[in-house]
Each structure stands twice: as C-alpha cells, then as structure tokens.
Peer 1: 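Sharing a structure with you now.
These values consider heavy atoms only, across backbone and side chains, with no hydrogens, waters or symmetry-generated copies.
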Number of protein chains: 2
Amino acid sequence: MTTRKLPENSTPAGGLEEARLHDVIGYQVAQASIATLGLFHRAAGEVLDLRPAEYTVLVLIKENPGGTAARVARALAVSAPNITMWLDKLERRGWVVRQASETDRRTQHLHVTDKGRQVADTATQQLLEAERRTFSHLTVGERTILVELLHKLALKRSE
Amino acid sequence: MTTRKLPENSTPAGGLEEARLHDVIGYQVAQASIATLGLFHRAAGEVLDLRPAEYTVLVLIKENPGGTAARVARALAVSAPNITMWLDKLERRGWVVRQASETDRRTQHLHVTDKGRQVADTATQQLLEAERRTFSHLTVGERTILVELLHKLALKRSE
DNA sequence: TATTGTTATACTCTATAACTATA
DNA sequence: TATAGTTATAGAGTATAACAATA
C-alpha cells in the first residue's frame, strides 16, 4: 500500500512523496494541547489557583494512595527534584501529606488530604463540564474514541 | 442524561457521581504528549539539534510562506518576544529569512531557505517513520481517526 | 490610537550535580 | 553499589513592560 504510487502522494515539483506535517501525530497532539491547556486555565487553573503540573501530581497521588515520589516522577517523566518542589507546594497548601514509611526509611508514602481530594474532584468536575461545552462539536462517541486512542499512545513511552 | 442516576456513576462512599480523571481529555492529551515529545527528541531533536518549538515555528513558516511573526505568535498562542527569540535562532542557523514588507513597513514576511526546508522535511520524515514504528499497535485507520479528532480539538481555542 | 516587532527583565518550570540516608 | 529524597544551582522557555516605528 505504501509502495503504490498514488496521485495524492506525489508533489507537483519532484514527483517524490512529500512528508506531510498534517500526519505527524506529535504535531497534532501539540496543537491540541494549546486548546486543552487554555481550557484548563480558564476552567480550573484560574479559579482554583492551580497549575497544570500541580493538578496532575495531585490527581496522580489521589488515584494511587500510598505511592512514592519516585513513582510519580517516573509516571510524569520528570526529574526527582522537580517532584520534590511540587510536593513542597502541595504540602504547604495542605492538600498532600508525606508519610514516612516503616519498612523502608528512605521512602515516603504520599496521600491526599480531604481538602486535597476536594480540590482535585472540583477541578476534574470543572474540566469535564468545560470540555463537554467547548468540545460539543465532537459527539460522545468521538470523545470516547479520542480518549481511548490517546490512552493507547501514552502506553508507548520509550521505544 | 446527566440527570439520570446510573449505577456505574455512583461512588461506593457517598452515592454521588465521581468525576473521572480518565475522561478528562486534557489529561489524556498531556499524557500522550509525554510519549510524543520523547519520540520527537529521539527521532528528530537529537539528530538535527532541533527543539520542539523550533520545529513547530519552522514548519509553520514553511507551510505559510510570507506570513508574519504576529501571525505565528497567534497560531502558537505565545507572546511576540518569544517568537522574536525563535526567529533569531532560526535566522542565525540560516533556516529562515525575514523579508521587509513593501506595503507595511512595520511587518516582515517570513520564508524558509532551501536549507530550512530540507531540515523541516527531514524532521517530518523522521517523525513519521518513528511514529509508524512506535505506534504500530494502532491501525492505520486508528491513526487517521486520531489525527482528525485531534485536529477538531485544536479548532477550539478560546471558548 | 492600534499594531508590529524588539529589547530588557523577571518569572516559571525543568534539569544536573552534589549530598545524606538507607537498602 | 544502588535507590529515595533533598538542596543548590543553572538553563530553557515563557511572560510582562517599555520602547520605536509605522499604520
């Protein structure tokens, strides 16, 4: 299929296939993230004084109670000092607690507080509502498919 | 539909609907971009000494020859000084030229050089090949749908 | 008055290096 | 030796403010 020469794959100039930007998934993801980051800022960031990274770390801890900082760092593909900084901020705001481990005295187990859970849930609720409004030109089925395909993309991290 | 209480929407604890992180499109986009940014770095960034933003600005100029810096800034939703910086870098590398406008002496028309076009095309080619390999667990149809749905997302920027 | 683009400057976010403590 | 986490520090990328030139 890729070896067959189709008219729409040949350029006017040289007859060679042109690499099409439109087909680069990473480019479309980047463009889409302009929209989703803007939506985050308006729907949750501004009202709750919440940064995207803050939200992500918070919900990750909420969904994986007792997890460690190293695990969060790996999940987000960022450095350990970076996570330390975000945990400092989240702890300072009373949304996350670091609990010393009893079996391994190097590690800490992370948990959200009631207040932290409330912030995370409110933010998620706001985001879902805003997305439903803003992306109403997508059907429910399309949104479901999109989420699943994005999820499949995210599975491949280091190949 | 949202007012009807469905069993799968109630939490064990309170009986209230739980806002599901999994359904937040922005979260999935952010997770997916970890994968695509890593892929960019390995497939094009490292070899061509190219930053994601550099690539994006370059291809945007290539696909919109004669466009202005202000237009690029709006397209990427970044500030004007930021674009000035990237244009400086791209011009210094001989990939982009600023051409003074004859009708409006404030503006410049942006064009890629032959070298710039070559870099952009090579990068795009490398990215497409790497994505085809890395995301081979998606069918061609799924990849097409994904690109189209992401494109539809990107249409909604400021609502 | 508004817009284009630049310079100066500061802030945010992320990383690397060096370290302590523990396994 | 390797891992978890912190501190110190530097770099990349972004923004705002102030400005000059032009519309």
Side-chain angles (χ1 to χ4, degrees), chain A residues 30-31 33-34 37-38 40-42 45-46 49-58 60-61 64 66-93 96-111 157-158, chain B residues 30-31 33-34 36-38 40-42 45-46 48-58 60-61 64 66-93 96-111:
Chain A
Q31 291 295 307
S33 78
I34 296 176
L37 283 173
F40 177 89
H41 184 248
R42 292 188 302 278
E46 225 160 22
D49 188 23
L50 201 61
R51 299 292 184 165
E54 238 170 349
Y55 171 71
T56 309
V57 171
L58 184 62
L60 224 51
I61 295 170
N64 302 280
T68 66
R71 198 176 151 197
V72 174
R74 278 190 296 269
L76 299 179
V78 294
S79 65
N82 191 346
I83 292 301
T84 295
M85 185 201 66
W86 287 116
L87 291 178
D88 286 348
K89 293 196 181 187
L90 291 171
E91 202 174 33
R92 227 176 292 135
R93 299 180 83 168
V96 160
V97 287
R98 288 162 155 122
Q99 187 184 67
S101 168
E102 297 187 350
T103 57
D104 184 341
R105 286 168 57 196
R106 294 171 304 177
T107 58
Q108 327 161 318
H109 299 293
L110 303 170
H111 297 274
R157 284 277 198 86
S158 44
Chain B
Q31 291 294 307
S33 76
I34 296 176
T36 53
L37 283 173
F40 177 90
H41 185 249
R42 292 189 303 276
E46 225 160 22
L48 299 168
D49 187 24
L50 201 61
R51 299 293 183 163
E54 239 170 345
Y55 171 71
T56 309
V57 172
L58 184 61
L60 223 51
I61 295 171
N64 301 282
T68 66
R71 199 176 150 197
V72 174
R74 278 191 295 267
L76 299 180
V78 293
S79 66
N82 190 348
I83 291 301
T84 295
M85 183 199 69
W86 287 116
L87 290 178
D88 286 348
K89 293 195 181 189
L90 291 172
E91 202 173 34
R92 229 178 288 136
R93 298 179 84 167
V96 160
V97 287
R98 287 162 154 122
Q99 188 184 68
S101 168
E102 297 187 350
T103 57
D104 184 340
R105 288 167 58 195
R106 293 171 305 178
T107 58
Q108 328 161 318
H109 299 294
L110 303 171
H111 296 275

Peer 1: Could you work out which one of D/dA15, C/dC13, D/dG5 sits closest to the side chain of B/Asn82?
Peer 2: D/dA15

Peer 1: With no hydrogens and no angle check, is any side-chain donor or acceptor of A/Arg42 less than 3.5 Å from a backbone partner on A/Gly38?
Peer 2: yes

Peer 1: Please give, in whole Å, the distance from C/dA15 C1' to A/Ile83 CD1?
Peer 2: 13 Å

Peer 1: Answer yes or no: is there a side-chain heavy-atom contact under 4.5 Å between A/Asp49 and A/Arg93?
Peer 2: yes

Peer 1: How close or far is atom C1' of C/dT14 from atom NZ of A/Lys89, stated in whole angstroms?
Peer 2: 12 Å

Peer 1: Which listed nucleotide (C/dG5, C/dT22, D/dG5) is nearest to the side chain of A/Arg106?
Peer 2: C/dT22

Peer 1: Of the candidate nucleotides C/dA23, C/dT4, D/dA15, which contains the atom at the shortest distance from the side chain of B/Arg74?
Peer 2: C/dT4

Peer 1: On DNA chain D, check which nucleotide each of B/Trp86 and A/Ala80 is closest to and give me the residue with the more 5' one.
Peer 2: A/Ala80

Peer 1: Could you tell me the separation between the CG atom of B/Leu87 and the CD atom of B/Gln108, rounded to the nearest 0.5 Å?
Peer 2: 7.5 Å

Peer 1: What contact category does A/Thr103 fall into here, base, sugar-phosphate, or nothing, at under 4.0 angstrom with non-hydrogen atoms?
Peer 2: sugar-phosphate

Peer 1: Grab the CD-C1' distance between A/Glu102 and C/dT22 for me, whole Å please.
Peer 2: 16 Å

Peer 1: Which nucleotide wins on minimum distance to the side chain of B/Pro81, given the candidates D/dT6, D/dA17, D/dA23?
Peer 2: D/dA17

Peer 1: Nearest heavy-atom pair of B/Leu37 and B/Pro52: which atoms, and what distance?
Peer 2: CD2-CG, 4.0 Å

Peer 1: Rounded to the nearest angstrom, tell me the gap between atom CZ in B/Arg51 and atom C1' in C/dC13.
Peer 2: 14 Å

